[in-house]
S.K.: 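Pasting in a structure now, in structure tokens, and then I'll have a few things to ask.
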Amino acid sequence: MIALHGLSASKALGQNFLLDEQLLDRIATIPGKLKGQHVYEVGPGPGGLTRALLRAGAKVTAVERDRRCLPALEDLSNAFPGQLRLIEGDAMKVDPAKEIGEPFHIASNLPYNVGTALAVGWLSGETWPPAWTTLTLMFQREVADRIVAKAGTDAYGRLAILAQWRSEARIAMPVHRSAFTPPPKVMSAVIHIVPAVQPEGVRMATLEGLTAAAFGQRRKMLRQSLKAIPMALDALDQVGISAERRPETLDIPEWVELAKVFETVR
Ligand code: SAM
């Protein structure tokens, strides 16, 4: 496909293509049975993962910014009639819930330059469960580690809390850099996220406000990093968490409890 359509990888667009069909078929099994299910894919590129999703029987809506890829994707659309809908444009500006109008999975080998921002957007909605039923996303290994990190580790921070406070997040598959064309400098991993029940009495914005302030000054004690938020230290006291602790030592249930009490005292 790449040779046929004269596609050379663009660094600016984060293009590292996956061409190994076996690997792509394995990635397409991660969301679960896809026959007849909707899948939203960001950045299909020459269409390797798209083809695997279509082979698994999915109805795919794919957003690609690089118009050079569109002829290859149109060939794919003709090979799987009625299964592939293409949107040319920037995924940062597309609302898949509006485009698809039914529950959908998200599966993507994300472009590194917008991958984290997209995932943060999908995880940040106040409405829960979200319109998507699962996320199957390829990230640089370092970002994947931050998503699944546990309290007390260097990788633990806002992204881990965002991904885990109302979802199950795991690394489904490490992927060696040599699997990509061209190979990126770093290793990758596919993560799988499934929404869980949102704890009652906590809003996303409250939790996010507290963790942003605390992890914004990660080396500082909570006494220092939360003092600019009125009543945050009182909430800390009520929950019985020492203000001398640093943010990475609080596990996710502790963050949730703090946000819950903060909602009631502020
Ligand atoms: N899915 C293909 C694969 O696995 O071989 C390509 C993955 S490549 C890592 C990322 C793709 O995202 C590229 O095709 C790139 O053109 C596209 N892309 C980059 N920025 C984008 C954006 N803002 N919106 C939509 N697509 C984008």
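Note that ligands are numbered from 1 as they come in the structure, with each ligand's atoms numbered from 1 the same way.
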S.K.: Which of parallel (below 30°), tilted (30 to 60°) and perpendicular (above 60°) describes F104 and Y40?
M.R.: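 Ring orientation, 0 to 90° scale: perpendicular.
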S.K.: Look at atom 2 (C) of ligand 1 and say which protein heavy atom is nearest, naming residue and atom and giving the distance to 0.1 Å.
M.R.: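 Checking every protein heavy atom, the shortest distance to atom 2 (C) of ligand 1 gives P44 O, 3.2 Å.
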S.K.: Please determine if L24 has a nitrogen or oxygen closer than 3.5 Å to a nitrogen or oxygen of ligand 1.
M.R.: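 Checking ligand 1 against L24, no N or O pair falls under 3.5 Å apart.
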S.K.: Show which atoms of ligand 1 fall inside a sub-4.0 Å distance from at least one heavy-atom site of V63.
M.R.: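 Counting from 1, the qualifying ligand atoms are 25 (C), 26 (N).
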S.K.: Does the E64 side chain pair with the main chain of C69, one donor and one acceptor, at a distance under 3.5 Å?
M.R.: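 Pair absent, no side-chain N/O of E64 close to backbone of C69.
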S.K.: Strictly distance-based, threshold 3.5 Å: is any side-chain N or O of R246 a donor or acceptor partner for the main-chain N or O of R219?
M.R.: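 Confirmed, R246 side chain pairs with R219 backbone.
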S.K.: Which atoms of ligand 1 are found less than 4.0 Å from any heavy atom of G45?
M.R.: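 Heavy-atom distances to G45 below 4.0 Å select 14 (O).
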S.K.: Between M138 and ligand 1, which part of the residue brings a heavy atom under 4.0 Å of the ligand: side chain, backbone, both or neither?
M.R.: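 M138 to ligand 1: no contact under 4.0 Å from either part.
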S.K.: Decide whether W255 and V265 are clustered together by the hydrophobic rule: side chain heavy atoms of Ile, Leu, Val, Met, Phe, Trp, Tyr closer than 4.5 Å, transitively.
M.R.: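 Shared cluster, yes.
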S.K.: Could you identify the single nearest non-hydrogen protein atom to atom 24 (N) of ligand 1 and state the distance to 0.1 Å?
M.R.: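 Looking only at protein heavy atoms, the one closest to atom 24 (N) of ligand 1 is A91 N, 2.9 Å.
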S.K.: Using a strict 4.0 Å cut-off to heavy atoms of G89, name the atoms of ligand 1 that fall inside it.
M.R.: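 It comes down to these atoms of ligand 1: 24 (N), 25 (C).
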S.K.: Is R68 reaching over with its side chain to a backbone N or O of S8, donor-acceptor style, under 3.5 angstrom?
M.R.: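 Yes.
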S.K.: Would L73 end up clustered with L24 when hydrophobic side chains under 4.5 Å apart are linked, directly or stepwise?
M.R.: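 Same cluster.
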S.K.: Distance to 0.1 Å, residue and atom name: give those for the protein heavy atom nearest to atom 8 (S) of ligand 1.
M.R.: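 The answer is G14 O, 3.4 Å.
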S.K.: Hydrogens and angles aside, do Q140 and S188 bring a side-chain donor and acceptor to less than 3.5 Å of each other?
M.R.: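 Not at all, the side chains of Q140 and S188 share no donor-acceptor pair under 3.5 Å.
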S.K.: Starting at CD of E257, measure out to CD1 of I252 and round the result to the nearest 0.5 Å.
M.R.: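 E257 atom CD to I252 atom CD1 measures 14.0 Å (nearest 0.5 Å).
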S.K.: To the nearest 0.1 Å, how far is atom 20 (N) of ligand 1 from its closest protein heavy atom, and which atom is that?
M.R.: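 So the nearest neighbour among protein heavy atoms is P111 CG, 3.7 Å.
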S.K.: Under 4.0 Å from a heavy atom of D66: which atoms of ligand 1 are those, numbered in the order shown and with their elements?
M.R.: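 That gives atoms 16 (O) of ligand 1.
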S.K.: So which protein heavy atom does atom 1 (N) of ligand 1 come closest to, and at what separation?
M.R.: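 Going atom by atom, the protein heavy atom closest to atom 1 (N) of ligand 1 ends up being G43 O, 2.8 Å.
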S.K.: If you measure from the Lys or Arg side-chain nitrogens to the Asp or Glu carboxylate oxygens, is any gap between E208 and R158 under 4.0 Å?
M.R.: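 Yes, E208 and R158 are salt-bridged.
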S.K.: Would you call M92 a ligand 1 contact, heavy-atom distance under 4.0 Å?
M.R.: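 M92: no contact with ligand 1 (<4.0 Å).
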S.K.: Evaluate whether atom CG of N78 has more than 12 neighbouring non-hydrogen atoms of other residues, nucleotides or ligands under 6.0 angstrom away.
M.R.: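 Enclosed: over 12 neighbouring heavy atoms sit under 6.0 Å from CG of N78.
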S.K.: Are a donor atom and an acceptor atom from the side chains of T50 and E41 found within less than 3.5 Å of each other?
M.R.: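 Yes, because at least one side-chain N or O of T50 sits under 3.5 Å from a partner of the opposite role on E41.
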S.K.: Within a distance under 4.0 Å of any heavy atom of E41, pick out the atoms of ligand 1 and give their elements.
M.R.: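 Those qualifying, in numeric order: 1 (N).
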S.K.: I need the atoms of ligand 1 closer than 4.0 Å to a non-hydrogen atom of D90, numbered in the order shown.
M.R.: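 Taking each heavy atom of D90 in turn, ligand 1 has 22 (C), 23 (N), 24 (N) under 4.0 Å.
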S.K.: Considering heavy atoms of the protein only, find what lies nearest to atom 19 (C) of ligand 1 and give residue, atom and distance to 0.1 Å.
M.R.: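 For atom 19 (C) of ligand 1, the nearest protein heavy atom is L13 O, 3.1 Å.
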S.K.: Below 4.0 angstrom from a heavy atom of N16, which ligand 1 atoms are there? Numbered from 1 as shown, please.
M.R.: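 Those of ligand 1 that fall under 4.0 Å from N16 are 7 (C), 8 (S), 9 (C).
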S.K.: Note the single closest protein heavy atom to atom 4 (O) of ligand 1, along with its residue, its atom name and the distance in Å.
M.R.: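 The closest heavy atom on the protein side is N109 ND2, 2.8 Å.
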S.K.: How far is atom 26 (N) of ligand 1 from its nearest protein heavy atom, and which residue and atom is that?
M.R.: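 Closest protein heavy atom to atom 26 (N) of ligand 1: R65 N, 3.4 Å.
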